[in-house]
Enquirer: 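Below are the structure tokens for one structure; questions will follow.
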Amino acid sequence: MDFDFKKYHIRSINASSAEERATINQELKDYYASLSKEEQHEFNTQLQTFLAREMGRLKTDYEAIKAGGMIDDN
């Protein structure tokens, strides 16, 4: 089973309020609670992979911007 974390991530990024973001997070928590123990384990594994990939992408983007002189660390 493949979980579409990107869908939730994009919706959360585009949320117009903290309340909307909280609703999206609760929807994901409810979905997780409905899974079997085996599915929850797979969900957690896939979530960790997704988060690591996203953090790596953000780091790469940050470094590219920094190298272009758009970020001053001082």
Side-chain angles (χ1 to χ4, degrees):
M1 174 177 259
D2 288 328
F3 300 99
D4 189 3
F5 297 109
K6 188 172 185 174
K7 173 180 76 172
Y8 290 97
H9 181 64
I10 300 280
R11 286 177 56 209
S12 183
I13 288 171
N14 293 320
S16 61
S17 67
E19 292 80 18
E20 184 180 356
R21 190 168 292 111
T23 299
I24 294 165
N25 287 339
Q26 187 59 52
E27 180 183 329
L28 191 55
K29 288 177 184 180
D30 292 345
Y31 178 67
Y32 179 83
S34 75
L35 300 173
S36 69
K37 292 295 180 192
E38 294 81 18
E39 290 170 326
Q40 286 179 352
H41 176 73
E42 182 61 25
F43 178 99
N44 290 332
T45 300
Q46 289 183 32
L47 178 58
Q48 290 299 317
T49 300
F50 174 78
L51 292 174
R53 185 174 50 244
E54 285 300 303
M55 291 302 294
R57 184 188 59 76
L58 288 173
K59 181 178 184 235
T60 300
D61 290 351
Y62 174 81
E63 289 172 349
I65 292 168
K66 184 178 173 185
M70 298 182 75
I71 295 176
D72 183 6
D73 283 342
N74 298 327

Enquirer: Restricting to non-hydrogen atoms, name the atom on I24 and the atom on A15 that form the minimum distance, rounded to 0.1 Å.
Expert: CD1-CB, 4.4 Å
Enquirer: Less than 6.0 Å separating the ring centroids of F43 and F50?
Expert: no
Enquirer: Checking E63 now: which residues fulfil salt bridge (charged side-chain N to carboxylate O under 4.0 Å, His left out) with it, not counting sequence neighbours?
Expert: K59
Enquirer: Tell me every residue that passes salt bridge (charged side-chain N to carboxylate O under 4.0 Å, His left out) with R11, counting only those two or more places apart in sequence or in another chain.
Expert: E27
Enquirer: Side-chain heavy atoms under 4.5 Å apart, restricted to Ile/Leu/Val/Met/Phe/Trp/Tyr: what other residues fall into the cluster of I13, or is it alone?
Expert: none
Enquirer: Membership question, hydrophobic clusters at under 4.5 Å side-chain separation (ILVMFWY): are L51 and Y62 in the same one?
Expert: no
Enquirer: Test of understanding: with side-chain hydrogen bond (donor to acceptor under 3.5 Å, both in side chains), list the residues that count as partners of S16, not counting sequence neighbours.
Expert: E20
Enquirer: Run the side-chain hydrogen bond (donor to acceptor under 3.5 Å, both in side chains) test against T23 and tell me which residues pass, sequence neighbours left out.
Expert: none
Enquirer: Going by the side chain to side chain donor-acceptor pair (under 3.5 Å) test, which pairs reach into residues 46-58, not counting sequence neighbours?
Expert: E42-Q46, E54-R57, R57-D61
Enquirer: Side-chain atoms of residues 28-35: list all donor-acceptor pairs with protein atoms under 3.5 Å, sequence neighbours left out, distances to 0.1 Å.
Expert:
| unit_1 | atom_1 | unit_2 | atom_2 | d |
| --- | --- | --- | --- | --- |
| D30 | OD1 | Q26 | NE2 | 2.7 |
| Y32 | OH | N44 | ND2 | 3.2 |
| S34 | OG | Y31 | O | 2.6 |

Enquirer: Would a single hydrophobic cluster contain both M55 and L47, if residues Ile, Leu, Val, Met, Phe, Trp and Tyr are joined by side-chain heavy-atom contacts under 4.5 Å?
Expert: no
Enquirer: Rounded at 0.5 Å granularity, tell me how far CG in N14 sits from NE2 in H9.
Expert: 9.5 Å
Enquirer: Mind checking what makes ring pair (Phe, Tyr, Trp, His ring centres under 6.0 Å) contact with H41, not counting sequence neighbours?
Expert: none
